[in-house]
Each structure stands twice: as C-alpha cells, then as structure tokens.
Amino acid sequence: MSSAFSGAPDAVLPADPLSALAVPDVQRQAARMAQDAFGRVFRLSLEATDQARAEGVNALCEAMRNWAQAGEGDDASALRLAMLIAGADQWGLAWSQAFELAAIPGLTELLGALRTGLDPQAESRFLQQFEAVNAAEANAIDFKVELRRGIHLALWHAAIASEERDEAMRIVAKLGGLLMALVRDMPIAGWRLVADALAHVQLRCLAEGLATEGIAQEATQSLFAALSRELPKAERDVIMAHAAQAVMAWQRASRPSDTVH
C-alpha cells in the first residue's frame with residue numbers, strides 16, 4: 001500500500017484541472033446520465049427485441065450526443081462525451097463482473113454508436129479528454145465520486161434484494177473487491193469514496209429500514225466485516241471513522257429541533 005495514504009486524512013486533493021471545461025455540476029450530471037443510460041440499455045438487452053433495442057439505443061445515443069455537444073467549446077464537448085462513455089463503460093464492467101455476464105449487447109452498441117461519426121479531429125479531442133479523466137485522481141473528481149457512489153449503492157441494493165443467499169454474498173464480495181481496489185488505486189481519494197459508500201449504505205438502512213433481517217442483513221454485515229478484516233488498520237480506522245461521522249451528522253440533522261416557548 002502506498003505510503004501516500006499516511007497523509008490522506010488531512011490531505012486536500014489538488015485542484016481539478018478539468019473543472020475549467022466541466023464544472024462540478026456538469027460532472028455530476030454526466031455521471032447520472034451514464035447511470036441512466038446503462039440502466040436503460042441493460043433493460044433493453046434483457047427484454048427488448050433486436051429492433052426495439054436498436055431503436056432505444058439510437059434514441060439514447062442522440063440524447064447523449066446532444067448533451068455532449070452543448071459544452072462550451074470543442075474541448076468541453078469532448079470531455080462531456082468522454083465522461084459519458086467512461087461512466088457507462090464502468091457501469092457495464094461492474095455489472096458484468098458482479099453478475100458474471102459475458103456481454104451486454106445494448107451497451108456495446110451504445111458505446112460504439114457514440115463514437116461513430118466523429119471526424120478525425122473530434123476523435124482526437126475525445127481520446128485526449130478520455131485519457132485526461134484517468135490521468136490523475138483529482139481530474140474530474142466530482143464525476144468520479146458521483147459515478148462510484150451510484151455503482152456501489154446499486155450493487156448493494158441488488159445484493160439485499162436477492163432471494164438467494166449465495167447470490168447475495170457473491171455480489172457483496174464483488175462490491176467489497178471494488179472498494180478495496182479504490183483504496184489501492186486512488187491513494188489520496190480512494191478512502192474517501194469507500195467511506196462515502198459505507199456511510200450511504202448505513203444511511204439507507206436507517207432512513208428506509210433496509211437490511212434489518214435475513215439475507216439482506218447478513219450480506220450487509222458481511223460487507224462491513226470483510227472490509228474491516230482486509231483493509232490495513234490505518235485505512236480501516238479512517239474509513240470507518242469518517243463513515244460514522246457522516247451517519248452521526250445525518251442523525252443530528254434528522255432530530256426535531258427543540259422549540260423554546
């Protein structure tokens with residue numbers, strides 16, 4: 001594990017150089033659009049005829065292209081497209097691994113369609129921005145946080161909704177692997193994303209009464225236990241402390257304020 005983590009709790013990420021092309025709100029919107037697009041093409045792949053899937057993919061592609069082209073300038077548009085494609089692709093990768101899927105036809109078609117028709121200059125700008133997103137942790141960090149939060153919570157929801165214990169435990173094992181990889185691959189920001197995921201899981205349990213019994217409860221407990229066991233102590237203590245602080249802050253904010261008469 002990189003020693004960079006030793007300063008992570010107090011470290012501040014460098015300024016996001018890509019925020020000049022896509023402000024945080026735009027980055028978060030890109031993550032949400034990628035999530036929505038993946039959900040739609042996944043359903044189309046499972047339920048639709050080939051013709052209906054093609055029509056749905058074409059409609060999605062047009063909407064996503066239009067949003068990307070609304071960027072202020074060629075580089076901004078290229079970054080928007082890069083985030084959409086990167087986001088949808090990461091959803092597909094996570095889902096394929098968690099559910100052992102060989103392919104998601106609608107996603108493959110959508111990702112191909114989004115790049116079809118780019119002229120050489122546009123293709124070059126797209127590749128440059130796509131590489132820039134992954135070049136450093138701080139690059140498009142608001143996009144990354146929103147994207148990973150959606151993926152993590154969706155996998156957890158899939159696990160606790162499972163009626164089969166083996167399936168639920170398999171999904172949370174894959175989720176745990178994704179969270180461990182974040183700490184390894186993002187030595188400055190990774191722990192924050194893991195803490196965010198664990199805090200949101202706990203908040204959903206408290207706010208919505210989820211995972212209170214049975215397979216759902218066992219799967220959730222297994223996730224937390226595995227992370228507590230597998231994470232090195234420094235990372236574990238910081239992650240669990242920050243997740244607990246977020247939960248306590250939510251609980252304080254949720255209490256009715258005392259009124260003095």
Side-chain angles (χ1 to χ4, degrees), residues 18 21-72 74-118 122-123 125-134 139-158 161 171 174-175 178 182 193 196-197 200:
L18 300 184
L21 297 176
V23 298
D25 282 347
V26 169
Q27 293 186 23
R28 287 188 285 267
Q29 187 178 2
R32 291 190 292 268
M33 289 186 70
Q35 177 174 350
D36 181 64
F38 173 76
R40 293 188 185 189
V41 295
F42 186 70
R43 288 191 295 272
L44 287 169
S45 297
L46 289 179
E47 303 168 0
T49 64
D50 288 347
Q51 180 178 347
R53 187 180 75 235
E55 292 172 353
V57 167
N58 287 337
L60 262 178
C61 181
E62 182 178 1
M64 295 169 78
R65 276 181 175 171
N66 288 341
W67 183 79
Q69 290 169 0
E72 296 182 3
D74 291 340
D75 287 339
S77 294
L79 176 57
R80 286 187 176 209
L81 182 61
M83 289 189 293
L84 291 177
I85 289 178
D89 186 56
Q90 286 192 42
W91 269 95
L93 181 61
W95 230 243
S96 295
Q97 292 177 345
F99 296 97
E100 300 178 350
L101 302 173
I104 304 172
L107 179 62
T108 302
E109 293 159 4
L110 176 64
L111 295 179
L114 284 168
R115 292 181 65 176
T116 298
L118 293 178
E123 176 73 9
R125 285 191 295 268
F126 161 76
L127 290 174
Q128 183 178 21
Q129 296 303 327
F130 189 89
E131 292 172 0
V133 169
N134 297 312
N139 292 6
I141 187 62
D142 291 279
F143 163 73
K144 293 172 181 174
V145 170
E146 189 77 13
L147 178 71
R148 301 309 305 186
R149 179 184 296 156
I151 291 172
H152 299 152
L153 286 177
L155 286 174
W156 174 69
H157 274 285
I171 295 171
K174 295 293 185 181
L175 173 55
L178 288 178
L182 281 175
L193 274 67
D196 176 87
H200 277 80

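Predicted, not measured: the structure shown is a model, and the values here were computed from it.
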Is there a side-chain contact between [X] and [Y] in this structure, where contact means two heavy atoms from C-beta onward sitting under 4.5 Å apart?
X: Asp196; Y: His200; result: yes
X: Gln27; Y: Glu146; result: no
X: Asn139; Y: Asn134; result: no
X: Leu93; Y: Asp89; result: no
X: Ile151; Y: Trp95; result: no
X: Arg28; Y: Val145; result: no
X: Leu155; Y: Leu178; result: yes
X: Val23; Y: Asp142; result: no

Between [atom1] on residue [X] and [atom2] on residue [Y], distance to nearest 0.5 Å:
X: Glu62; Y: Leu114; atom1: CD; atom2: CG; result: 11.5 Å
X: Phe38; Y: Leu147; atom1: CZ; atom2: CG; result: 11.5 Å
X: Leu107; Y: Trp91; atom1: CG; atom2: CH2; result: 12.0 Å
X: Gln35; Y: Leu153; atom1: CD; atom2: CG; result: 9.0 Å
X: Asp50; Y: Leu44; atom1: CG; atom2: CG; result: 11.0 Å
X: Phe143; Y: Arg80; atom1: CZ; atom2: CZ; result: 13.0 Å

Which atoms form the tightest heavy-atom contact between [X] and [Y], and what is the distance?
X: Ala34; Y: Ala88; result: CB-N, 3.6 Å
X: Ala68; Y: Leu84; result: CB-CD1, 4.5 Å
X: Ser77; Y: Ala70; result: OG-N, 4.5 Å
X: Leu127; Y: Arg115; result: CD2-NH2, 3.6 Å
X: Ile171; Y: Ala98; result: CG1-O, 4.3 Å

Q: Could you list all the side chain to side chain donor-acceptor pair (under 3.5 Å) pairs where at least one residue sits in residues 97-108, not counting sequence neighbours?
A: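 Pairs touching residues 97-108 that pass the test: none.
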Q | Side-chain donor/acceptor of Glu123 to backbone N/O of Leu118, under 3.5 Å | A |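 Answer holds: no.
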Q) For the side chain of Arg65 and the backbone of Ala113, is there at least one donor-acceptor N/O pair under 3.5 Å apart? A)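 Yes: the side chain of Arg65 pairs with the backbone of Ala113.
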(Q) Tell me whether the rings of Phe130 and Phe126 are parallel (<30°), tilted (30 to 60°) or perpendicular (>60°). (A)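 It falls in the tilted class, 30° to 60°.
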Q) Who are the ring pair (Phe, Tyr, Trp, His ring centres under 6.0 Å) partners of Trp156, not counting sequence neighbours? A)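 Trp156: no ring pair (Phe, Tyr, Trp, His ring centres under 6.0 Å) contacts found.
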Q: Kindly indicate, with the supporting measurements, whether the criterion side chain to side chain contact (heavy atoms under 4.5 Å, CB included) is fulfilled by Met83 and Leu18.
A: CA-CA 11 Å; Met83 289 189 293; Leu18 300 184; over 6 Å; no
Q) Does Arg40 pair with Asp36 as a salt bridge, N-O distance under 4.0 Å? A)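 Looking at Arg40 and Asp36, the cut-off is met.
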Q.
Filter on salt bridge (Lys or Arg N to Asp or Glu O under 4.0 Å), then keep only pairs touching residues 101-112, sequence neighbours left out; what's left?
A.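 Every salt bridge (Lys or Arg N to Asp or Glu O under 4.0 Å) pair that includes a residue of residues 101-112, provided the two are not neighbours, is Arg53-Glu109.
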Q | Side-chain donor-acceptor contact under 3.5 Å, Arg148 with Gln90 | A |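 Arg148 vs Gln90: donor-acceptor pair found between side chains.
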